[in-house]
Amino acid sequence: DIQMTQSPASLSASLGETVNIECLASEDIYSNLAWYQQKSGKSPQLLIYAANRLQDGVPSRFSGSGSGTQYSLKISGMQPEDEGDYFCLQGSKFPYTFGAGTKLELK
Amino acid sequence: EVQLVESGGGLVQPGRSLKLSCAASGFTFSNYYMAWVRQAPKKGLEWVATISTSGSRTYYPDSVKGRFTISRDNAKSSLYLQMNSLKSEDTATYYCARIGYLPGYNSYYYVMDAWGQGASVTVSS
């Protein structure tokens, strides 16, 4: 199985600060990487797919990058509504596997 | 508007069975692969099952293979998850998810692009 190592586990960011979250795959996943945001008590929402494609309706301050085994999610200017949990998901090979998640809080 | 509404969750004893349903609307259900994903309390997400558009192909992780069965009824725009021989570690919120086929730079990608609100399953005596 492909292991997804996500970091950091948690972070606190100030309003307007740039945030970076990373996922490292145990093997090449050929950009089959998606990022999700999950707010408290809600279901996950797709932010980024194919490593760097912004899902319709997602604010442009969210961006994704990476290839091979290393991927990252960037939030350019933290907003209060960005608080929540963030997960990466590899869809390259079954079984699909998620990163353990990053809890993002507003400082 | 895409809507996925799960039902059928509840409290069940270890070793017993439970069947979840997911009613889909707002899109042509028969054109999409579908999936189930679960989230144990205060834990991360775990993919549980995927089914092809016709239902002829299904995929599971080892943790549920042989115990869980995903199925669909395209005429009813409904997705199901039959869970047998339930264990305490199956306790989780179960989400139904649509798998979209989305364009990338030079390829298309299968992506879980819409999720239901979840159904809670508790396995306990």
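Convention: sequence-line order gives letters A, B, ...; per-chain numbering from 1.
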- Task: Pull out the residues in residues 79-96 of chain B that come under 4.5 Å of chain A, heavy atom to heavy atom, sorted by number.
- Result: B:Tyr95
- Around atom CZ of A:Arg61, are there more than 12 heavy atoms of other residues, nucleotides or ligands at under 6.0 Å? yes
- Message: Minimum heavy-atom separation for B:Trp115 and B:Ala97, please, with both atom names.
- Response: CD2-CB, 4.2 Å
- Task: Select one option (side chain, backbone, both, neither) describing which atoms of A:Ser92 are under 4.5 Å from chain B's heavy atoms.
- Result: neither
- Query: Would B:Arg72 count as a cation-pi partner of B:Phe29, with NZ or CZ less than 6.0 Å from the six-membered ring centre and within 45° of the ring normal?
  - Reply: yes
- Note on the structure: The interface call for B:Glu46 against chain A, heavy-atom contacts under 4.5 Å, is backbone
- Item | Backbone N/O of A:Glu27 and side chain of A:Gln3: donor-acceptor pair under 3.5 Å | no
- Task: Verify, without hydrogens or angle tests, whether B:Arg57 (side chain) and B:Thr53 (backbone) share a donor-acceptor contact under 3.5 angstrom.
- Result: no
- Query: B:Ser107 versus chain A, heavy atoms under 4.5 Å apart: side chain, backbone, both or neither?
  - Reply: neither
- Note on the structure: The interface call for A:Gln45 against chain B, heavy-atom contacts under 4.5 Å, is neither
- Task: Using a strict 4.0 Å threshold on nitrogen-to-oxygen distance, state whether A:Glu81 and A:Lys39 make a salt bridge.
- Result: no
- Message: Counting heavy-atom pairs under 4.5 Å with chain A, which one of B:Gly44, B:Gly116, B:Pro103, B:Pro61 comes out on top?
- Response: B:Pro103
- Who passes ring-ring contact (aromatic ring centres under 6.0 Å, His included) against B:Trp47, sequence neighbours left out? A:Phe94, A:Tyr96
- Would you please indicate yes or no on a ring centroid separation below 6.0 angstrom for B:Tyr109 and A:Tyr49? no
